[in-house]
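Take a look at the structure below.
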Amino acid sequence: MRKYIAFIVLVSILILTACGNDDSGNEAEKNDKVWSEIQEAGEIVVGTAGTLYPASFYPEDSDELTGYEVEVSREIADRLGVDVRFEEMAFDATLSALDSGRIDMSLAGPRENSEEKFGFSEPVKYSYSTMVVRADDHSGIETLEDLEGKKAGGAATTVYSDIARKYGAEVITYGNVTNDAYLRDVHNGRTDTVINDYYLQSLALEGFPDLDIVLHPDLKFHPTTKSVVMDKEAHTFMEKVNTVIQEMKEDGTLAEISGQFFGGQDVSQEPEEDIIEIEGIE
């Protein structure tokens with residue numbers, strides 16, 4: 001009887017040990033899966049808007065996609081020794097596309113809900129938020145609290161729309177439209193403001209001098225970062241991307257790409273502005 005019990009205990013230990021080894025193997029395999037699939041395919045698939053100047057857009061009379069996020073993605077792929085293919089989609093669709101495996105990465109700012117599910121690289125862009133308003137009266141907005149009852153144009157799931165809602169604005173959502181749709185609606189009064197990235201909005205306004213809109217001169221708030229986003233378990237891929245990003249910062253490549261699309265400004269460095277922090281907004 002004792003021999004039988006000892007045999008059962010020994011078998012149980014061996015089974016538990018084997019299970020533990022299998023788990024470790026599965027975890028290692030899962031960690032490397034995304035990078036292995038990228039190597040096998042010979043390309044990184046990147047989700048991007050294709051409609052947002054200067055991040056991801058088509059220059060006039062050109063069918064060649066470009067922009068800061070596009071060229072950063074191209075450089076990352078090149079340094080990793082693979083090609084890059086872009087899938088154009090609305091911002092709100094990129095995380096679900098990552099989740100389903102349709103794309104390998106995108107560029108976005110970390111959010112509390114997305115950080116639980118996705119991995120974020122070292123930042124490739126630093127900025128802060130501001131708002132486009134009508135030039136004659138700032139759309140009646142002089143403080144963030146003045147957003148109460150206003151209409152703010154934006155995508156449904158961005159931090160900028162969260163800020164608008166926090167201060168009582170109604171968010172008017174759009175699909176994957178170009179900048180002029182947002183800006184013209186502020187100009188014609190359909191909306192009162194667009195809250196978004198400072199650098200993106202300042203450059204977008206340069207393209208529409210006929211519109212009676214400006215960047216709010218006094219409101220600078222919510223510092224932001226933008227990173228490469230990928231599957232949270234893609235540790236090998238993340239490690240390689242972070243190594244490349246660090247190299248691009250050190251050798252000046254990120255600053256050079258930034259200068260091409262942001263009027264000579266270096267978005268790879270943290271701004272020195274006095275920026276309002278907003279409690280409860282990630």
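Position 1 is the first residue of the sequence, and the numbers go up from there.
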Are there over 12 heavy-atom neighbours, none belonging to Glu145, within less than 6.0 Å of that residue's CD?
yes

Quick check: are there more than 12 heavy atoms from other residues, nucleotides or ligands sitting under 6.0 Å from CD of Glu142?
yes

When you measure from the side chain of [X] to the backbone N and O of [Y], does any donor-acceptor pair fall under 3.5 Å?
X      : Y      : answer
Lys117 : Lys232 : no
Ser161 : Ala155 : yes
Ser139 : Arg134 : yes

Quick one: sort the Phe262 and Tyr68 rings into parallel, tilted or perpendicular, breaks at 30° and 60°.
perpendicular

Parallel, tilted or perpendicular: which fits the ring planes of Phe57 and Phe261, with parallel below 30° and perpendicular above 60°?
perpendicular

Heavy-atom nearest pair, Ser268 first then Ala255, reads OG-N, 4.1 Å

For the [atom1] atom of [X] and the [atom2] atom of [Y], what is their distance to the nearest 0.5 Å?
X      : Y      : atom1 : atom2 : answer
Asp266 : Glu270 : CG    : CD    : 11.5 Å
Phe237 : Ile38  : CZ    : CD1   : 3.5 Å
Asn188 : Leu211 : CG    : CG    : 9.0 Å
Ile281 : Arg165 : CD1   : CZ    : 10.0 Å
Asp104 : Glu37  : CG    : CD    : 8.0 Å
Lys226 : Glu69  : NZ    : CD    : 4.0 Å

So which of Leu203, Val70, Asn179 actually passes side-chain contact (heavy atoms from CB on, under 4.5 Å) with Pro54?
Leu203

Result of checking Val194, Val132, Ile213 against Tyr182 for side-chain contact (heavy atoms from CB on, under 4.5 Å)
Val194

Taking Asp197 first and then Lys125, would you say they form a salt bridge - that is, a charged N and a carboxylate O separated by under 4.0 Å?
yes

Please examine the side chains of Val171 and Asp162, heavy atoms only from C-beta on, and report whether any two atoms are closer than 4.5 Å.
no

